[in-house]
There are 2 protein chains.
Amino acid sequence: MNKKVKTTTVKTTKGERKQKILDSAERLFAIKGFEGVSVREVTKNAGVDVALANYYFNSKRGLFDAVLMRRAEILNEYRMEALEACEREAGDTPLTVEAIIDAYTHPLLDRSHLGGAGWKSYFSLIAQVNNSPEWGGIMLPRYYDPIVRRFMDALRNAMPNSNEENLYWCYHFLSGALTLTFAETGRIDHLSNGLCKSKDLEAVHARLVPFITAGFNALCQE
Amino acid sequence: MNKKVKTTTVKTTKGERKQKILDSAERLFAIKGFEGVSVREVTKNAGVDVALANYYFNSKRGLFDAVLMRRAEILNEYRMEALEACEREAGDTPLTVEAIIDAYTHPLLDRSHLGGAGWKSYFSLIAQVNNSPEWGGIMLPRYYDPIVRRFMDALRNAMPNSNEENLYWCYHFLSGALTLTFAETGRIDHLSNGLCKSKDLEAVHARLVPFITAGFNALCQE
DNA sequence: GTCTATAGCTTGATAGAC
DNA sequence: GTCTATCAAGCTATAGAC
């Protein structure tokens, strides 16, 4: 019993150190970008030794990849669950486009509200990666294409007459609007003189879903 | 006469050096981000001396600002002309939402096609700035808010019953979809197994306008 | 205006003690 | 696993010759 407690404590500490580095890296990469942050800055902010970052992740780039992957897997699970819940609820009737869009976007709203600052940093980082020519075409497909394909299938089923290219381009527009929204850059606050607030994700999401649904309907339903 | 030619030649050379630095910076910042590029790299690529970057732009950050501003002013003029052409053409009849959206987005398509690689780099850079929490809420408003407000007025006129917040959020969705599109990241090429091509901006734009228009109509027309 | 030279730091990564 | 010490390289910015 004593032994077990001891072992658990040690393991937790190790795991915690690694997680602390990931948390710190996530936060700083989100603010200043990959090249704008040094490994020293990350480890200092995490309260661990400089050398540990390379020990755990081999290189700065390895650390970056680990940051991206960590929450991608979790987010994919949430999205999958949301889609399956839709299908269960609908039974034999076909899914609505709106329900599919909501299943794709709602998990981000939930994580941003319930998941704390870590998830907010992660979404900010994803927005930047998505729009980067260096990473956007390579990293995101790696982590997200399988689940996106699953949603594309659902959309195809919901709109059987849809043109295939239109379907992909509509997803592309969704992707751009969604990632910018959850990046919470404050741009719209400035433009609207404070009327709209980037942080009020509930308000944006309530508009995002019908906006995107209308776009899909216009291009993919005949 | 001789004197005038001489002076002109000198001025051109100076201007060319400055422009070469801007071109090189624009290209490299677009690929690797602000922090990912060194001033040495920029000047080496431009074929000029290292010290000239600081001589002309005071600092690396000053160079970055100059890159952002240079084409913003030109783009704003093109957009303004496009909107005024719409208004002239419409005469007394109210503008359609689709025409306004097209006036806002079409200048990007034209510049990307006719403007060469410089404009493509610029749009890629804008996409990254737009999604950055550090710059998105500060730099873009500075250069683009006046013209965006002008377009918001036009949209308000076209949809007199529209809710003010909805109008701003719809613009926000447009902004995310538009900047990602002109960043040409190659993401959709991968996802669609080559069916859709990021570089085929003509094809995307033809879908972007009706997609966004449908979104505006759904939220701002009652 | 242009260029050389360099000051003064910070960087990613690692070798080796414990 | 953790940490100290250090390396070689690269960085921004500038002072001063021309």
Side-chain angles (χ1 to χ4, degrees), chain A residues 3-68 125 134-135 139, chain B residues 3-68 125 134-135 139:
Chain A
K3 200 176 157 190
K4 195 194 165 191
V5 170
K6 212 174 175 181
T7 313
T8 309
T9 308
V10 172
K11 269 188 185 168
T12 310
T13 308
K14 276 198 283 183
E16 271 176 10
R17 280 217 168 83
K18 206 173 165 180
Q19 291 301 317
K20 266 183 197 270
I21 295 173
L22 285 171
D23 291 342
S24 170
E26 183 174 64
R27 198 174 72 83
L28 293 171
F29 284 151
I31 298 170
K32 305 206 257 177
F34 177 70
E35 317 269 4
V37 183
S38 67
V39 176
R40 301 172 126 83
E41 217 175 332
V42 169
T43 51
K44 190 177 180 182
N45 195 274
V48 304
D49 191 87
V50 209
L52 284 185
N54 281 313
Y55 173 74
Y56 281 124
F57 304 103
N58 296 317
S59 68
K60 187 185 178 185
R61 177 55 198 265
L63 171 58
F64 187 70
D65 288 0
V67 166
L68 281 191
L125 190 54
E134 214 188 4
W135 316 107
M139 302 294 289
Chain B
K3 200 177 158 190
K4 195 192 164 190
V5 171
K6 210 174 176 182
T7 313
T8 309
T9 308
V10 171
K11 268 188 185 168
T12 311
T13 308
K14 277 198 283 183
E16 271 176 9
R17 282 216 167 86
K18 204 173 167 183
Q19 292 300 316
K20 268 186 196 265
I21 296 174
L22 284 171
D23 291 342
S24 170
E26 183 175 64
R27 199 175 72 83
L28 293 172
F29 285 150
I31 298 170
K32 305 206 258 178
F34 176 70
E35 317 269 3
V37 184
S38 67
V39 176
R40 299 175 122 78
E41 218 175 334
V42 169
T43 50
K44 190 176 179 181
N45 195 276
V48 304
D49 191 85
V50 210
L52 283 185
N54 281 313
Y55 173 73
Y56 282 123
F57 304 102
N58 295 319
S59 68
K60 186 184 178 184
R61 179 56 198 263
L63 172 58
F64 187 69
D65 289 0
V67 167
L68 281 191
L125 190 55
E134 214 189 4
W135 292 324
M139 301 295 288

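Order of the sequence lines fixes the chain letters, A, B, ..., with proteins taken first and strands second; residue numbering starts at 1 for each chain.
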Can you name the closest pair of heavy atoms from B:Lys20 and B:Ala46 and give their distance? O-CB, 3.5 Å
Under 4.0 Å: is that the gap between some side-chain N or O of A:Ser38 and OP1 or OP2 of C:dT11? yes
How would you label the contact of B:Tyr56 with the nucleic acid (heavy atoms, under 4.0 Å): base, sugar-phosphate, or nothing? sugar-phosphate
Whole Å only: how far is the CZ atom of A:Phe57 from the P atom of C:dA13? 13 Å
Measure from CG on A:Asn54 to P on C:dT11 and round the result to the nearest Å. 13 Å
Specify the separation, in whole Å, of atom CG of A:Asp49 and atom P of C:dG16. 18 Å
Tell me whether the side-chain N/O atoms of A:Tyr55 come closer than 4.0 Å to OP1 or OP2 in D:dC3. no
Could you give the NZ-to-P distance, from B:Lys32 to D:dG10, as a whole number of Å? 12 Å
B:Lys18 side chain vs B:Phe57 backbone, donor-acceptor pair below 3.5 Å: no
Nearest of C:dC3, C:dT14, C:dG12 to any side-chain atom of A:Ala51? C:dT14
Heavy-atom donor-acceptor pair, A:Ser24 side chain to A:Thr43 backbone, under 3.5 Å: no
B:Glu16 CD - C:dT2 C1' separation (whole Å): 16 Å
For B:Val42, report the nucleic acid contact type (base, sugar-phosphate, nothing); a contact means any heavy atom under 4.0 Å. nothing
How close or far is atom P of D:dC11 from atom CD of B:Glu41, stated in whole angstroms? 7 Å
Given atom CZ of A:Arg40 and atom C1' of D:dC7, what is their separation to the nearest angstrom? 11 Å
Taking C:dT2, C:dT14, D:dA13 as options, the one with an atom nearest any side-chain atom of B:Leu52 is C:dT2
Donor-acceptor pair, A:Lys32 side chain versus B:Glu134 backbone, under 3.5 Å? no
Protein-nucleotide distance (A:Lys60, atom NZ; C:dA13, atom C1'), rounded to Å: 12 Å
Closer than 4.0 Å, any side-chain N/O of A:Arg17 to the OP1 or OP2 of D:dG1? no
Mind telling me whether B:Phe64 and B:Trp135 have parallel, tilted or perpendicular rings, with 30° and 60° as the class edges? tilted
